[in-house]
S.K.: 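Quick one: this structure, given as structure tokens, is what I'll be asking you about.
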Amino acid sequence: MKHFLKETDFSRQQAQQVFTLAKALKANRLNGPQPLNMQSWGLLFYKSSTRTRISFEVGVNELGGFPVVLNSENTQIGRGETIADTARVMSRYLHGLVIRTFGHEIIEEFAAHANIPIINGLTEFNHPCQLYTDIFTVLERISPDAVDIEALRGKKVAFYGDCASNMANSWIITAAMFDMEIVLAGPQQFAPGQAVADALKADGLPANYSFTTEAAEAAQDADILYTDVWVSMGDEAEAEERRARMLPFQVTPELMQLAKETAVFMHCLPAHAGEEVAQEVLDSPQSIIFDEAENRLHVQKAILAKLVECATPTR
Ligand code: CP
Ligand code: NVA
């Protein structure tokens with residue numbers, strides 16, 4: 001069974017097909033194919049969400065399917081039913097399942113026991129739907145006709161703040177997958193960890209990312225400046241310390257000045273103006289944050305369609 005738990009679950013060629021399809025679906029939003037016709041897809045959330053929840057619910061609907069939105073606490077998971085049994089039971093009703101949860105091992109356990117496709121809607125380790133969307137949003141600008149992944153080669157990403165976060169891990173893996181350069185800038189104790197190094201190794205990807213504690217160094221000649229919240233869901237107990245330590249890594253207009261003239265500012269959202277990014281940067285013409293948010297819909301529809309295609313026996 002094909003799942004989408006990490007960026008590399010699709011080959012480069014399949015990723016290209018996802019981006020090409022996303023472009024077509026975006027151009028023809030309400031009159032496109034309906035590969036989820038008569039299917040019911042679960043959307044299971046252990047954590048809050050605005051974009052992931054809405055874009056998947058709308059996306060499943062637009063592809064002809066029926067979304068079943070579930071909060072883990074209101075299911076029997078909240079009262080201790082095992083993941084294995086939950087996955088087996090859900091597989092009897094649903095045609096696929098999107099999960100947002102805490103530990104990555106939870107989603108891996110679902111995938112191990114389900115016989116329907118599982119999509120990762122964010123774990124503590126990564127956020128692949130966001131990254132595919134971010135890459136598509138970049139491609140729309142640098143390769144608008146073909147959204148050709150070859151156009152990504154050599155593009156420089158500067159990632160700021162919590163460089164051990166799910167978004168940082170996803171960017172490190174995606175940059176390696178598409179031959180991009182990535183420099184991460186943050187406090188030493190939030191440097192990329194062993195888990196992402198192990199994931200690169202497991203996928204045979206080069207570990208050619210670099211980390212600096214100098215914010216300005218990362219921005220030099222960058223094509224993309226990217227940041228994420230300093231306090232991820234689950235990290236609330238460390239909020240004060242994180243805010244104090246990460247303050248030198250706020251994305252400011254001065255940092256943007258060091259990047260290429262054509263550079264864009266990106267953020268998965270939600271944003272906290274005055275923390276990880278200055279309000280002026282969010283509001284600047286270089287900011288493409290709402291294109292990113294919109295594209296979650298189109299790209300995830302393409303991911304759903306691709307997984308359904310992979311699950312359909314060819315005879
Ligand atoms: N970027 C993102 O995943 O947003 P939500 O937490 O609102 O889903
Ligand atoms: N790093 C953030 C991403 C939110 C979309 C979090 O996990 O809360």
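Along the sequence shown, residues are numbered consecutively beginning with 1. Counting starts at 1 for both ligands and their atoms, in listed order. Treat the numbers as computed from the prediction; the structure is a model and nothing was measured.
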S.K.: Is a salt bridge present between Lys155 and Asp179, judged by a nitrogen-to-oxygen distance below 4.0 Å?
M.R.: no
S.K.: Going by the atom numbers of ligand 1, which of them fall below 4.0 Å from some non-hydrogen atom of Leu269?
M.R.: 1 (N), 2 (C), 4 (O)
S.K.: Which protein non-hydrogen atom lies closest to atom 2 (C) of ligand 1, naming both residue and atom, and how far is it?
M.R.: Arg296 NH1, 3.3 Å
S.K.: Throw together a table of side-chain donor-acceptor distances under 3.5 angstrom for residues 180-193, partners on residues two or more places apart or in other chains.
M.R.:
none

S.K.: Within the 4.0 Å heavy-atom shell around His127, which atoms of ligand 1 are there?
M.R.: 2 (C), 3 (O)
S.K.: Can you tell me which portion of Leu122 lies within the under-4.0 Å heavy-atom range of ligand 1? Options are side chain, backbone, both, or neither.
M.R.: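 The answer is neither; Leu122 stays 4.0 Å or more away.
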S.K.: Less than 6.0 angstrom from the centroid, inside 45 degrees of the normal: does Lys47 satisfy that with respect to the ring of Phe102?
M.R.: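 Satisfied, under 6.0 Å and within 45°.
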S.K.: Under 3.5 Å, is there a donor-acceptor pair linking the side chains of Glu217 and Thr212?
M.R.: yes
S.K.: I need the nearest protein heavy-atom contact for atom 6 (O) of ligand 1: residue, atom name and distance, please.
M.R.: Arg100 NH1, 2.8 Å
S.K.: Can you confirm whether the side chains of Asp203 and Thr8 place a donor and an acceptor under 3.5 Å from each other?
M.R.: yes
S.K.: Would you say Lys47 touches ligand 1, if touching means a heavy atom closer than 4.0 Å?
M.R.: no
S.K.: Contacts table for ligand 2: protein N or O within a distance under 3.5 Å of ligand N or O, distances only.
M.R.:
unit_1   : atom_1 : unit_2 : atom_2 : d
ligand 2 : 1 (N)  : Asn166 : OD1    : 2.8
ligand 2 : 1 (N)  : Asp228 : OD2    : 2.6
ligand 2 : 1 (N)  : Ser232 : OG     : 2.7
ligand 2 : 7 (O)  : Asn166 : ND2    : 2.8
ligand 2 : 8 (O)  : Met233 : N      : 2.8

S.K.: Of all the atoms in ligand 1, which lie at a distance below 4.0 Å from a heavy atom belonging to Cys268?
M.R.: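 Close to Cys268: 1 (N).
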S.K.: Do Gln300 and Thr133 pair up side chain to side chain, a donor and an acceptor below 3.5 Å, judged on atom types alone?
M.R.: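 Side-chain D/A pair, Gln300 to Thr133: absent.
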S.K.: Considering the options Ile289, Asp134, Val281, Ile288, which one meets the side chain to side chain contact (heavy atoms under 4.5 Å, CB included) requirement together with His267?
M.R.: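 It is Ile289; the other options fail the test.
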S.K.: Quick one: does Ser48 get an N or O within less than 3.5 Å of an N or O on ligand 1?
M.R.: no
S.K.: Any donor-acceptor pair under 3.5 Å linking the side-chain atoms of Glu140 with those of Asn295?
M.R.: yes
S.K.: Give the numbers and elements of all ligand 1 atoms closer than 4.0 Å to a heavy atom of Thr50.
M.R.: 5 (P), 7 (O), 8 (O)
S.K.: Starting from atom 4 (O) of ligand 1, which protein heavy atom do you reach first, and at what distance in Å?
M.R.: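 Of every protein heavy atom, Arg51 NE, 2.8 Å lies nearest to atom 4 (O) of ligand 1.
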S.K.: Determine whether the side chains of Gln14 and Lys306 contain a donor N or O and an acceptor N or O closer than 3.5 Å.
M.R.: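 The criterion, which ignores hydrogens and geometry beyond distance, is not satisfied for Lys306 and Gln14.
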S.K.: Using every non-hydrogen atom in the two residues, find where Gln279 and Ala273 come nearest and quote the distance to one decimal.
M.R.: OE1-CB, 3.1 Å
S.K.: Mind running ring pair (Phe, Tyr, Trp, His ring centres under 6.0 Å) on Tyr226 and Trp171 for me, showing each step along the way?
M.R.: CA-CA 9 Å; Tyr226 203 104; Trp171 260 110; 5.4 Å; yes
